[in-house]
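What follows is a short report on a single structure.
Read the numbers this way: they start at 1 and go in the same order the structure lists the ligands and their atoms. Because only heavy atoms are used, hydrogens play no part in the values below, and waters and symmetry mates are left out as well, while side chains stay in.
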Amino acid sequence: MTRRALIVGVSGQDGAYLARLLVDKGYEVHGATRRTSGSPEARLEALGIVDAVRLHYLDLLEITNIRRVLERVAPDEVYNLAAQSFVSASFEQPLVTSDVNAMGALRLLESLREAGARARFYQASTSEMFGNIPIRPQTEETPFHPRSPYGFAKVFAHSATVNYREAYGMHASSGILFNHESPLRGAEFVTRKITTGLARLARGSEEPVALGNLDARRDWGFAGDYVEGMWRMLQQDAPGDYVLATGISTSVRSFVEHAARSFGWSVEWRGSGRDEQGVDARTGRRLVTIDPTFWRPAEVDHLLGNPAKAKAVLGWTPLVDVRGLAEMMAEADLRRLANAAVAA
Ligand code: NAP
Ligand code: G4F
């Protein structure tokens, strides 16, 4: 029998990759997206699956809307990928972030419980929950110390998922995912900001990429690999929590260097603090400058995940490393700019 999945947050990066995976697996794929003035379909179009996904309006702020969509779709699997997902913005919008990321997840869980639905549930938890905990690598057992409204709202949603599993026997799983990126990553996240900024420079722009903390370290993987892990969690007989990560952490500075190599540049760092600059070693051309407005009120310095449980239980392994990821994103951004220039 054809399985039916509902992806809440289908217009986002992960929503699009997960939708493609499930379409390829023969699912009937329903995607939920809130109403905005923009196109929710852009990423589905980019992956060539817009006609294969049935779209529904669903806002996690509105429980009656959630109930109606669940009733209409009657899914076998529900993936909650919806969130205000930009950590930086959560300092400016802590209440909205909490309403969507914490209460929104609870509204979804409660609606499933009330309906007596047997659907399996996936919650998009995050390594941001670990914050600045001085334990590395982080596993499913590592305590949380969130450093942002985004992080503490996600701890709430994670705890709710665990509780609904324990209290009501729901098949509710939580994926504690470390940073994962792709050519479809939002332009405000640091990896994409770097690859689009360098691609513009390669096409003749003279505007260096203005960045914040170059020394933050993240465990970066490819979104296409991570959605496979999400799906595998819901195929297990028993629900659980799983870390998905590569097990390698890289600084923002090194990510710049990896991406710059794709454009033929070797970055040399000059100066320090807010006067630091990244220049092309051969020509001295400025590629990166520092803008303190991108420093955060509380930073997460170093995230490094241990995906051993996901490897052992789910048989999940990430296939793309950080160099491959930087290259993939840099090439895609260069291609996009070249195509836009031809079209103009
Ligand atoms: P994303 O690109 O920002 O996508 C977020 C999705 O949530 C979008 O479809 C967005 O819709 C939707 N959304 C926002 N507010 C909503 C609301 N009130 N009601 C319904 N939908 C709403 O994020 P992503 O990178 O794909 O991440 C997917 C999930 O994984 C998020 O929950 C994120 O917090 C979590 N996560 C991400 C990473 C990562 O590195 N990417 C790591 C760990 C966890 P619009 O298009 O209308 O904005
Ligand atoms: O790319 P970022 O904005 O991602 P961040 O904050 O790690 O959050 C992402 O990953 C989380 C998983 O750990 C997800 F839950 C979350 O939804 C999101 O997808 O920033 C990465 C690092 C930070 O330390 C930041 O301070 O890069 C540093 N950074 C330095 N300059 C910058 C910049 N970040 C951004 N966005 N822009 C800069 O100019």
Requested in this report: Please determine if T126 has a nitrogen or oxygen closer than 3.5 Å to a nitrogen or oxygen of ligand 1.
Outcome: no
Query raised in the report: At a 4.0 Å threshold, what atoms of ligand 2 neighbour a non-hydrogen atom of L211?
Result: 31 (N), 39 (O)
Report summary line: Ranking A153, G9, S85, A157 by closest non-hydrogen atom to atom 23 (O) of ligand 1, top hit is S85
**Report entry** Short N or O distance, N179 and ligand 2, threshold 3.5 Å exclusive
**Finding:** yes
**Report entry** Quiz item: cation-pi between R185 and F189, 6.0 Å / 45°
**Finding:** yes
Report task. Would you kindly specify which portion of P40 sits under 4.0 Å from ligand 1, judged on non-hydrogen atoms: side chain, backbone, both or neither? Result -> neither
Query raised in the report: Which one of G221, G186, A124 has a non-hydrogen atom at the shortest distance from atom 30 (O) of ligand 1?
Result: A124
Requested in this report: Heavy-atom contacts with T126 under 4.0 Å: which atoms of ligand 2 show up? List them by number with element.
Outcome: 11 (C), 12 (C), 13 (O), 14 (C), 15 (F)
Report task. Run down the list E299, R253, R296, R218 and name the one with the heavy atom closest to atom 20 (O) of ligand 2. Result -> R296
**Report entry** Protein heavy-atom partner closest to atom 38 (C) of ligand 2 - residue, atom, separation in Å
**Finding:** K193 NZ, 3.7 Å
Report task. For E228 and Y226, test the side chains for any donor-to-acceptor distance below 3.5 angstrom and give the result as yes or no. Result -> no
Requested in this report: Evaluate side chain to side chain donor-acceptor pair (under 3.5 Å) for R200 paired with S205, printing each intermediate quantity in order.
Outcome: CA-CA 5 Å; R200 282 196 197 102; S205 160; over 6 Å; no
Query raised in the report: In terms of residue, atom name and distance, what is the protein heavy atom nearest to atom 40 (O) of ligand 1?
Result: H180 N, 2.9 Å
Requested in this report: Considering heavy atoms of the protein only, find what lies nearest to atom 9 (O) of ligand 1 and give residue, atom and distance to 0.1 Å.
Outcome: S11 OG, 2.7 Å
Query - Per-residue contact class, D59 against ligand 1 - non-hydrogen pairs under 4.0 Å - result: both
Query - Atom indices of ligand 2, in the order listed, that fall short of 4.0 Å to a heavy atom of S127 - result: 12 (C), 13 (O)
**Report entry** Lys/Arg N to Asp/Glu carboxylate O, R54 vs E28, below 4.0 Å
**Finding:** yes
Report summary line: Interatomic distance, CD@E181 vs CZ@R192, rounded to 0.5 Å, equals 10.5 Å
Requested in this report: Determine whether M233 and L244 make a side-chain contact, defined as any pair of heavy atoms from C-beta on separated by less than 4.5 Å.
Outcome: yes
Report task. Could you label the plane-to-plane angle of the Y27 and W231 rings as parallel, tilted or perpendicular, counting under 30° as parallel and over 60° as perpendicular? Result -> perpendicular
Query raised in the report: Should N179 be counted as touching ligand 1, given the test is an N or O pair under 3.5 Å?
Result: no
Query raised in the report: Which ligand 2 atoms are under 4.0 Å away from a heavy-atom of F294?
Result: 39 (O)
**Report entry** For atom 44 (C) of ligand 1, closest protein heavy-atom neighbour
**Finding:** S125 O, 3.4 Å
Report task. Would you mind telling me if ligand 2 is within reach of the side chain of R185, the backbone, both or neither, using heavy atoms under 4.0 Å? Result -> side chain
Report task. Just jot down the ligand 2 atoms closer than 4.0 angstrom to any heavy atom of S85, in number order. Result -> 16 (C), 17 (O), 18 (C)
Requested in this report: Tell me which part of F86 gets within contact of ligand 1: side chain, backbone, both or neither, using heavy atoms under 4.0 Å.
Outcome: neither
Query raised in the report: Quick one: does ligand 2 sit under 4.0 Å from the side chain of E188, the backbone, both or neither, non-hydrogen atoms only?
Result: backbone
**Report entry** Protein heavy-atom partner closest to atom 48 (O) of ligand 1 - residue, atom, separation in Å
**Finding:** R34 NH2, 2.8 Å
Query raised in the report: For ligand 2, which atoms sit closer than 4.0 Å to a heavy atom of F86?
Result: 3 (O), 36 (N)
**Report entry** Cation-aromatic face contact R253/W269, 6.0 Å, 45 degrees
**Finding:** yes
Query - ligand 1-proximal atoms of K154, by part, heavy-atom distance under 4.0 Å - result: side chain
Query - salt bridge (Lys or Arg N to Asp or Glu O under 4.0 Å) between K309 and D241, worked out - result: CA-CA 9 Å; K309 180 180 172 189; D241 305 323; over 6 Å; no
**Report entry** Proximity winner for atom 33 (C) of ligand 2, if only heavy atoms of V190, V87, V300 are counted
**Finding:** V190
**Report entry** Atoms of ligand 2, numbered as shown, that sit under 4.0 Å from any heavy atom of G212
**Finding:** 30 (C), 31 (N), 33 (C), 39 (O)
Query raised in the report: What's the spacing between M230 CE and I7 CD1 if we round to 0.5 Å?
Result: 9.5 Å
**Report entry** Heavy-atom gap T33 to ligand 1 smaller than 4.0 Å
**Finding:** no
Report task. Could you find the nearest protein heavy atom to atom 14 (C) of ligand 1 and give me its residue, atom name and distance? Result -> A83 O, 3.2 Å
Report task. Compute the centroid of each ring, for F86 and then for F91, and state whether the two points are separated by less than 6.0 Å. Result -> no
Query raised in the report: Given N101 and Q84, is the side chain to side chain contact (heavy atoms under 4.5 Å, CB included) satisfied, shown in steps?
Result: CA-CA 7 Å; N101 298 9; Q84 188 302 92; 3.9 Å; yes
Query raised in the report: To the nearest 0.1 Å, how far is atom 25 (O) of ligand 1 from its closest protein heavy atom, and which atom is that?
Result: R185 NH1, 3.4 Å
**Report entry** Ligand-side contact atoms (ligand 2) for residue partner L303, heavy atom cut-off under 4.0 Å
**Finding:** 13 (O)
Report summary line: CG of L18 to CD of Q13, rounded to nearest 0.5 Å, is 12.0 Å
**Report entry** For atom 43 (C) of ligand 1, the protein heavy atom that lies nearest, with its residue and separation
**Finding:** L177 O, 3.1 Å
Query raised in the report: Does ligand 2 have an atom under 4.0 Å from some heavy atom of W295?
Result: no
Query raised in the report: Should the pair K154 and F144 be classed as cation-pi, given the thresholds of under 6.0 Å to the six-membered ring centre and 45° from the axis?
Result: no
Query raised in the report: Quick one: does ligand 1 sit under 4.0 Å from the side chain of L58, the backbone, both or neither, non-hydrogen atoms only?
Result: backbone
**Report entry** Top protein contact for atom 22 (C) of ligand 1, by heavy-atom distance
**Finding:** A82 CB, 3.7 Å
Query raised in the report: Which option out of G12, G104, A245 puts a heavy atom nearest to atom 4 (O) of ligand 1?
Result: G12
Report summary line: Out of L303, L184, L60, L81, the nearest non-hydrogen contact to atom 28 (C) of ligand 1 is supplied by L81
Report task. Kindly indicate whether a cation-pi arrangement holds for K311 with W316, taking the cut-offs as under 6.0 Å to the six-membered ring centre and within 45° of the axis. Result -> no
Query raised in the report: Looking only at distance, does W220 have an N or O less than 3.5 Å from an N or O of ligand 2?
Result: no
Query - Distance under 6.0 Å and angle within 45° of ring axis: R113 vs Y168 - result: yes
Query raised in the report: Of the backbone atoms (N, CA, C, O) and the side-chain heavy atoms from C-beta on, which set of D14 has a member under 4.0 Å from an atom of ligand 1: side chain, backbone, both, or neither?
Result: both
